[in-house]
Amino acid sequence: MRRHFLAFTLFLVACLTMSQAQAKEQKFTLKSPNGKLVTHIVATDKDEITYDIVYNGVTIMLPSHLGLNRAYGKGVVSSMAVSKSSTATIDEVIASPFTRQATMRNHCNELKLMVGKDLCVVFRAYNEGVAYRYQIFQPCKVRFEKVEYNFANDYEATVPYVINFDEKNHEVQYNSSFENLYTTLPLSKLDTRRLCFLPLLVHASHGVKVCLTESTLTDYPGLYLKAMGTATPESLPGFRLEGEHAPYPKTLEQGGHNNLQMIVKEREEYIAEVNKETVMPWRIAMVAKNSAELAMNNMSYLLGEPCKVADISWIKPGKVAWDWWNNWNIGGVDFKAGINNDTYKYYIDFASKNGIEYVILDEGWAVNKQADLFQVVPEIDLPMLVQYAKERNVGLILWAGYYAFDRDMEHVCQHYSAMGIKGFKVDFMDRDDQIVTDFYKRAAAMCAKYHLIVDFHGAFKPAGLNRTYPNVLNFEGVAGLEQLKWAPATWDQVQYDTEIPFIRQTAGPMDYTQGAMHNGAKGCYYPCWSEPMSQGTRCHQLALYIVLESPLNMLCDSPTNYEKEPDYTRFVAEIPTVWDETRVLQGEVGEYIVTARRKGDVWYIGGITNWTERDIAIDLSEIEIGLLNAYGTIYTDGTNAHRKGSDYDEYGIMGMTQLKVHLAPGGGFVARVSRN
């Protein structure tokens with residue numbers, strides 16, 4: 001935004017007050033539209049800024065500092081002295097066409113604080129949480145950003161540690177695929193040596209949930225948080241999480257996975273370069289009265305920058321027949337399966353027969369270790385496959401390593417778009433310093449220019465980019481089903497599945513890649529690269545198509561396995577990937593969740609449980625489907641699903657006012673319901 005930014009309607013007198021008790025200390029009170037969430041912002045007499053969070057009269061977060069250390073040439077500025085303030089209310093409905101709902105309400109109260117002539121701090125209070133960010137008006141280098149969450153008590157937290165850890169080399173933690181299971185401990189017991197990536201969850205008093213993440217993460221390094229234990233200054237009693245950022249890369253070297261990555265060899269003494277007026281990421285604290293409410297939080301999307309793609313009519317979400325997870329394993333054919341034309345024709349025929357929109361050519365179609373997307377292996381005839389797929393109403397998506405894609409991005413996009421390729425799955429960034437976050441924005445814009453959809457794999461969490469560039473349909477940043485090709489039996493995917501809808505998914509969609517047909521009941525799972533399996537029941541896998549959000553959603557297993565159960569496969573293929581409306585009906589972090597999603601006049605209701613079997617009752621009046629006129633189909637865990645994970649039942653439902661479902665350990669269910 002420009003130096004003289006436009007203020008919104010200025011009437012926040014009732015919600016925003018400023019104390020004149022001290023000449024230098026200024027106090028502001030910013031309330032959410034419903035008044036239940038309050039943050040007290042103080043510009044202190046030490047030229048610092050603090051804010052707290054109070055929910056329903058209970059202090060959740062004590063005063064916590066924020067700040068920005070900037071270098072202008074040889075001069076360094078860290079003062080946060082406030083020179084003036086302004087207020088506004090924002091209330092608008094925005095389109096959200098490729099998400100959990102068709103539109104979202106963006107409703108909040110806002111406070112802007114000018115800090116000298118070069119900086120503005122913007123706070124927003126939503127009914128669903130508190131956020132702040134900086135606007136910088138002059139070029140500078142950001143040496144350090146102070147991010148602090150100083151909680152009122154020793155609450156439990158559910159956090160994902162960065163996997164790479166070396167006690168003698170802190171640097172390795174900045175290289176991350178952002179895939180790990182969660183650890184739940186009191187704040188005081190978290191490992192103070194290890195970085196946590198976002199989102200992460202704090203379980204506050206009276207069931208209140210606080211989820212921390214960020215949005216508008218472009219051209220600035222991603223935020224990590226680390227626990228500080230109980231050793232806090234007397235002025236800040238409590239239990240703290242503090243922010244950390246990867247410093248700006250000074251020297252890079254090609255290497256890593258199949259020579260497709262850029263490895264940081266040396267870093268600068270600052271975290272970001274700002275070369276023009278810019279906005280920095282929103283620091284978000286989502287606040288919800290319970291788990292189910294948290295799972296519906298839209299702040300990450302709302303705080304993304306508005307859409308920059310004028311025409312989005314060409315963007316097509318949908319399902320993808322995927323090759324890599326099932327290791328190109330198809331049977332009953334007279335050719336050798338693998339990365340070749342005959343195999344991909346088989347995948348295309350399977351997709352066409354079942355109304356699946358896309359087939360992906362994952363790693364292997366381009367010559368290995370060359371990082372050159374114009375070197376196609378001789379076994380693949382891409383123009384022929386594109387034409388073959390087009391004739392069958394199927395689009396092709398190409399996998400691309402990060403460096404191979406970035407080194408000649410426009411030429412790659414122009415060439416393959418002209419050929420008829422529909423998009424790219426870009427993989428192995430495995431960092432979130434400023435250079436990489438800028439790459440996401442450039443890649444999204446370039447792909448939009450050439451009408452290409454994007455799936456960012458090997459990626460950090462979504463942070464609003466899918467609002468700005470809606471051709472970005474998916475992000476990984478999740479320990480998805482691919483882990484079960486190699487993870488030991490101690491890896492608990494089922495438990496993780498009941499946590500991510502409340503934590504990782506608050507940031508946005510995820511490339512989890514569900515759909516396994518070989519399903520391991522408790523104690524039956526084992527890792528297998530070539531013929532992998534899931535943990536939990538078949539209906540648990542099926543329900544993930546409803547519980548998890550993924551506008552570009554994989555069918556991860558082999559076409560051969562799906563073809564053995566055509567009715568089930570047809571049901572999976574017909575599940576939408578974007579929705580008009582979503583409601584989380586029940587749930588508790590790490591226990592279970594029941595989600596209802598509507599597309600047109602059809603509702604899908606899906607639920608999963610952890611390893612605890614449970615009985616669930618669902619009042620259909622909660623989704624207003626017409627009750628006695630309702631009909632549909634339900635898939636539930638079979639009688640023996642507790643010992644044979646693939647066991648399931650399918651039956652029709654008619655005229656019910658309530659659904660009663662039994663979930664086996666690691667189980668799930670899906671109901672498709674509409675009106676007569």
Side-chain angles (χ1 to χ4, degrees), residues 290-292 295-296 493-495 497-502 514-517 519-522 534-549 565 567-568 571-572 574-576 579 581-599 602-675:
N290 55 41
S291 296
M296 285 297 298
Q493 192 73 26
V494 164
Q495 173 68 27
D497 290 347
T498 60
E499 294 168 326
I500 51 177
F502 307 98
Q514 60 267 47
M517 298 293 281
N519 315 107
K522 190 172 180 64
S534 72
Q535 294 179 1
T537 71
R538 172 71 64 77
C539 283
H540 185 103
Q541 282 293 295
L542 179 60
L544 292 177
Y545 285 104
I546 312 302
V547 170
L548 304 184
E549 296 174 14
E565 300 183 40
D567 291 342
Y568 176 88
F571 186 88
V572 172
E574 290 175 353
I575 297 173
W579 306 90
E581 182 180 358
T582 293
R583 303 184 193 183
V584 176
L585 305 180
Q586 304 175 31
E588 186 59 50
V589 178
E591 296 288 333
Y592 78 107
I593 186 170
V594 178
T595 302
R597 301 188 191 271
R598 179 180 62 82
K599 187 69 172 180
V602 179
W603 283 92
Y604 286 84
I605 310 168
I608 59 171
T609 182
N610 57 11
W611 291 113
T612 301
E613 64 179 325
R614 67 184 77 234
D615 295 295
I616 292 176
I618 302 160
D619 183 358
L620 295 180
S621 67
E622 292 186 46
I623 57 173
E624 301 165 2
I625 59 173
L627 297 180
L628 295 177
N629 291 322
Y631 75 100
T633 303
I634 187 168
Y635 283 79
T636 64
D637 294 323
T639 303
N640 293 300
H642 64 290
R643 56 185 293 171
K644 183 176 176 58
S646 60
D647 186 33
Y648 67 89
D649 292 326
E650 175 197 356
Y651 56 89
I653 54 177
M654 178 78 73
M656 291 184 177
T657 60
Q658 188 179 65
L659 284 179
K660 293 184 177 180
V661 186
H662 177 75
L663 278 65
F669 78 94
V670 169
R672 181 187 187 275
V673 187
S674 59
R675 296 178 180 177

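Computed from a predicted model, the values in this text were never measured in an experiment.
- The two atoms that bring Asn519 and Thr537 nearest to each other are CB-C, 4.0 Å, heavy atoms only.
- The backbone N or O of Leu544 sits less than 3.5 Å from a side-chain atom of Gln514, completing a donor-acceptor pair.
- Annotation for Ile618 and Gln586: closest pair CG1-NE2, 4.1 Å, computed over non-hydrogen atoms.
- Within 6.0 Å of the NZ atom in Lys599, the count of heavy atoms belonging to other residues, nucleotides or ligands exceeds 12.
- Taking CG of Asn610 as the reference point, atom NE2 of His540 lies at 9.5 Å (rounded to 0.5 Å).
- Test Val594, Asp615, Ile634 against Val661 for side chain to side chain contact (heavy atoms under 4.5 Å, CB included) and you get one pass: Ile634.
- No hydrogens or angles considered: nothing links the side chains of Arg538 and Ser646 as a donor-acceptor pair under 3.5 Å.
- Formation of a donor-acceptor pair under 3.5 Å by the Arg597 side chain with backbone atoms of Ile546 is found in this model.
- Tyr635 pairs in a ring-ring contact (aromatic ring centres under 6.0 Å, His included) with only one of the listed residues (Tyr651, Phe669, Phe571), which is Phe571.
- Nearest heavy-atom pair, Asp649 versus Asp637, reported as atom, atom and distance to 0.1 Å: OD2-O, 4.0 Å.
- In terms of heavy atoms, Thr582 sits closest to Met296 at O-CE, 3.0 Å.
- Remark: side-chain polar atoms of Gln535 are not paired, donor with acceptor, to backbone N or O of Gly520 under 3.5 angstrom.
- The distance between the ring centers of Tyr604 and Tyr545 does not fall below 6.0 angstrom.
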